[in-house]
Structure formats: structure tokens, C-alpha cells
Amino acid sequence: MSNLFSAITIKDVELKNRIVMSPMCMYSCYNRDGKITPFHITHLTSRAVGQVGLVMTEAIAVMPEGRISPEDLGIWNDEHVAGLKELNEQIHAYGAKSATQLAHAGRKAVLDSAIYAPSALPFNDSSDTPVEMTEEAIQKTIEAFKNGARRAKEAGFDIIELHGAHGYLINQFLSPLTNKRTDKYGGSKENRYRFLSEIIETVQTEWNGPLFVRISTDEYHDEGNTLEDFIYFAKEMKNQGIDLIDCSSGGVVPAKINSYPGYQLPRCQKIKYETGIATGAVGLITSGLQAEEIIQNERADLVFIGRSLLRNPYWAKCAADELGYSINPPVQYKRGWS
Ligand code: FNR
């Protein structure tokens, strides 16, 4: 019996195990049009073949100016849907569920065009200074998340995650380090949460499937959001019907992070216990035993695996072997799997 390989149902979506491929930018849209390429299909489908329960795409930009780099995936145009649909058909063919991570990079976009943020503060000395968003620009961006959700639904994704972490646009609104606004979107934590709150509300008009949010639960700065602030945000998200908070950290301002196995887990666990919302654990989770411990001790509900899955598309199979647990291969591999 393995808890890591136990199924979980979120809304009406059943994941066959608790292993999620963490979103990872591949900077591979060489035409700079945001469209899926054969590489993305091979890359993501191979993890479905490798028996990951939920395969999540890299951050997918809801507006062209919301890309981290010009080579990022995009979902700002109806023309993006066909390629994403093909991707989902492939992922589903091997028994995995699929997710995409709707994103806007805000001031961390590295593009030739103007960049936008809640306040006109550059990320560091070598970054461009962003344009402070007007209320009209804010509404346009919220609308772009809604249209992204509609397209994600049309493309057949099972789950949507909103990227509220790593110092990208949503995170820039949440953090007092990057949000110096004096209107209703800045100041108090209630006001700083408003942008995310309105995105969730409008996305839910198009999407009634499972909705996750990734947040940075530690800003590694004395004047950043505190754990209590994140617990407040998590409670609000739970009240709004968010199904899971994916607990990452950092990226808001330049900071040195002391990372070690499971370093983001204490805050993930705290948010889960304080609010009762399901959480996802991520960050230097590298072995089957470590992942099993997290699920078995109810420290999180899902484990997100990043770099280990880059190194080994069969990480899930190896984790099962490590735990002495047998998992089914795709039918085509039955004769050579064990
Ligand atoms: C990332 N990460 C990341 N996170 C995210 O929320 N959206 C993204 O698009 C990306 N892109 C990305 C690209 C690459 C190449 C790496 C290595 C990482 C962060 C990733 O999802 C994960 O949170 C971290 O890598 C920590 O987990 P691991 O790698 O220690 O398992």
C-alpha cells in the first residue's frame, strides 16, 4: 500500500496518483508566437508515459506582454487552442490528467516591448522599469486571465493553476515589497489580495473545474508578507473555492535562498493545517520515500516534482520501484515493464 500512489479526486477529476509534473518553462517557442511545438508534446507526453498523475505545462502567458521570455507558451489567442488540444489528447492517451499554469510575468518579463507592474519599481539594477498599471490595464489583464481559462477549457485541460508565485504579476500585487499603490489594489493585505481575488472570480465564470493557485509562501525579506499574511490569503482563496494551494517560495525580490530537501514544506504544512485547504508540496523532493512521507504524514495532498522529472521522465516508475509498489505501464509497454 502506498499513499503516494493512491488516487485522489478533486472536483470531478480523478488523479491516479499524487505525483504532479511541476510547471517548468522550456523557452522553446522558437517562432515567438506562443504556439505549442513538437518538442512540448514530446516533453510533456513522455512524463504521462512515465506515469505521472498530473502533467502541468510551463507558465502559459495570458497576454503577449505577460511572457517571461519571447519563447514562452501562450494562450492569449484562439489560435493557440488547436496545439494545446493535441497536447491534451496525447497526455490523456497515457492515463495522465493535464493542467496548465495561467501566468503573467509583470515586471519580470524580459521583452523588447514595455513591461507592466502594480508599481514602477524594477526587479533589480539590470531590469527595465515597468509601467505602473492603470485601473483600465488591470481590468484588461483580469479579462485576459478569463479568456485564458476559456481557451484552456476548449483545449481540454483537466485542471488550471494560476501563477501567483515567484514574483510574477499576481505575486507583485500580493507583496508589499512590490505593490506601493494607493488605490484599492494596494496598501492593506485586503487590497493587495484584490487583484488575485478578481482574477479568481472572473476565471470561475468560464471554468468550473479544479482551480489551483501557486504562491510564494516566503519572500525572504523582513518587510515582505509574513506567514500570517499567507494564511489570510489562503483562507480567502479557500472561501472563493480554490481547490489547492501549491506552496513554493521566493522570486519577489532578489534574495539568497537556503534550499535543502523539503525546504518549502514547513509553510506548506502550516497553511494546510491552519486553513484546511489542500496543498501541494514542491522543492527538492527527489526520492519516492521522501514523497511518500509527505503524503502519508498528511503534510500535503500532492507532490510537485520539477528537476527530478527533467532528469528522469520515469521518476514515477522509479519511485514506485523504490517503495516496492507496482504500477501499470501504458498497454504498449506491458511485456517489458517490470
Ligand atoms: C521552473 N519553475 C517554474 N515554476 C513555475 O511555477 N512556473 C514555471 O514556468 C517554472 N519554470 C521553471 C523552469 C525550470 C527550468 C525550472 C528548473 C523550474 C519552478 C519549478 O516548478 C519548481 O517549483 C522548482 O524547480 C522546485 O522544484 P524541484 O525542481 O526542486 O523539484
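Atoms within a ligand are numbered from 1 in the order they appear, just like the ligands themselves. FYI, side chains are in, hydrogens and waters are out, and symmetry mates aren't considered; it's all heavy atoms of this structure.
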*Asks:* Determine the interplanar angle of the Trp337 and Tyr333 rings, folded into 0 to 90°, and report it as parallel if under 30°, tilted if 30 to 60°, perpendicular if over 60°.
*Replies:* tilted

*Asks:* Measure the distance from atom 17 (C) of ligand 1 to every protein heavy atom, then report the residue, atom name and distance (to 0.1 Å) of the closest one.
*Replies:* Arg307 CG, 3.6 Å

*Asks:* Can you tell which of Lys35, Lys85, Arg151 makes a salt bridge (Lys or Arg N to Asp or Glu O under 4.0 Å) with Glu79?
*Replies:* Lys35

*Asks:* Heavy-atom count around Asn208 CG within 6.0 Å, excluding the residue itself: above 12?
*Replies:* no

*Asks:* Consider every N or O of Ser22 and every N or O of ligand 1, then say whether any pair is closer than 3.5 Å.
*Replies:* yes

*Asks:* What do the steps show when you test Met21 against Trp315 for side chain to side chain contact (heavy atoms under 4.5 Å, CB included), and what is the final call?
*Replies:* CA-CA 10 Å; Met21 180 171 183; Trp315 187 89; over 6 Å; no

*Asks:* Atoms of ligand 1 less than 4.0 Å from His166 heavy atoms?
*Replies:* 4 (N), 5 (C), 6 (O)

*Asks:* Within ligand 1, which atoms have a heavy atom of Val282 less than 4.0 Å away?
*Replies:* 22 (C), 23 (O), 27 (O)

*Asks:* Quick one: nearest non-hydrogen protein atom to atom 15 (C) of ligand 1, plus distance?
*Replies:* Cys25 O, 3.8 Å

*Asks:* Kindly confirm or rule out an N or O of Phe304 lying under 3.5 angstrom from an N or O of ligand 1.
*Replies:* no

*Asks:* For a side chain to side chain donor-acceptor pair (under 3.5 Å) check, start with the C-alpha distance between Lys108 and Gln172, then their side-chain angles and the critical distance, and finish with the verdict.
*Replies:* CA-CA 10 Å; Lys108 288 180 91 176; Gln172 289 159 32; over 6 Å; no

*Asks:* Do me a favour and list the nearest non-hydrogen protein atom to atom 7 (N) of ligand 1 with residue, atom name and distance?
*Replies:* Gln101 OE1, 2.9 Å

*Asks:* Determine whether Met63 and His104 make a side-chain contact, defined as any pair of heavy atoms from C-beta on separated by less than 4.5 Å.
*Replies:* yes

*Asks:* Of the choices Met24, Met26, Arg214, which has the non-hydrogen atom that lies closest to atom 14 (C) of ligand 1?
*Replies:* Met24

*Asks:* List the steps, then state whether side chain to side chain donor-acceptor pair (under 3.5 Å) holds for Thr57 with Thr100.
*Replies:* CA-CA 5 Å; Thr57 73; Thr100 195; 2.7 Å; yes

*Asks:* Got the closest protein heavy atom to atom 2 (N) of ligand 1, with its distance?
*Replies:* Pro23 O, 3.4 Å

*Asks:* Got an N/O contact under 3.5 Å between Ser308 and ligand 1?
*Replies:* no

*Asks:* Using a strict 4.0 Å cut-off to heavy atoms of Gly283, name the atoms of ligand 1 that fall inside it.
*Replies:* 26 (C), 27 (O), 30 (O)

*Asks:* Consider every N or O of Leu310 and every N or O of ligand 1, then say whether any pair is closer than 3.5 Å.
*Replies:* no

*Asks:* Specify the protein heavy atom at minimum distance from atom 31 (O) of ligand 1: its residue, its atom name, and the distance to 0.1 Å.
*Replies:* Gly306 N, 2.9 Å

*Asks:* Aromatic rings Phe5 and Tyr325: how do their planes relate, parallel, tilted or perpendicular, breaks at 30° and 60°?
*Replies:* parallel

*Asks:* Measure up the Phe173 and Phe195 rings against each other and bin them: parallel (under 30°), tilted (30 to 60°), perpendicular (over 60°).
*Replies:* parallel

*Asks:* Quick check against the 3.5 Å criterion: does Glu322 have a side-chain atom that pairs as donor or acceptor with the backbone of Leu289?
*Replies:* yes

*Asks:* Any protein heavy atom sitting closer than 4.0 Å to atom 24 (C) of ligand 1?
*Replies:* no

*Asks:* What do you reckon, does Ala59 have a nitrogen or oxygen under 3.5 Å from a nitrogen or oxygen of ligand 1?
*Replies:* yes

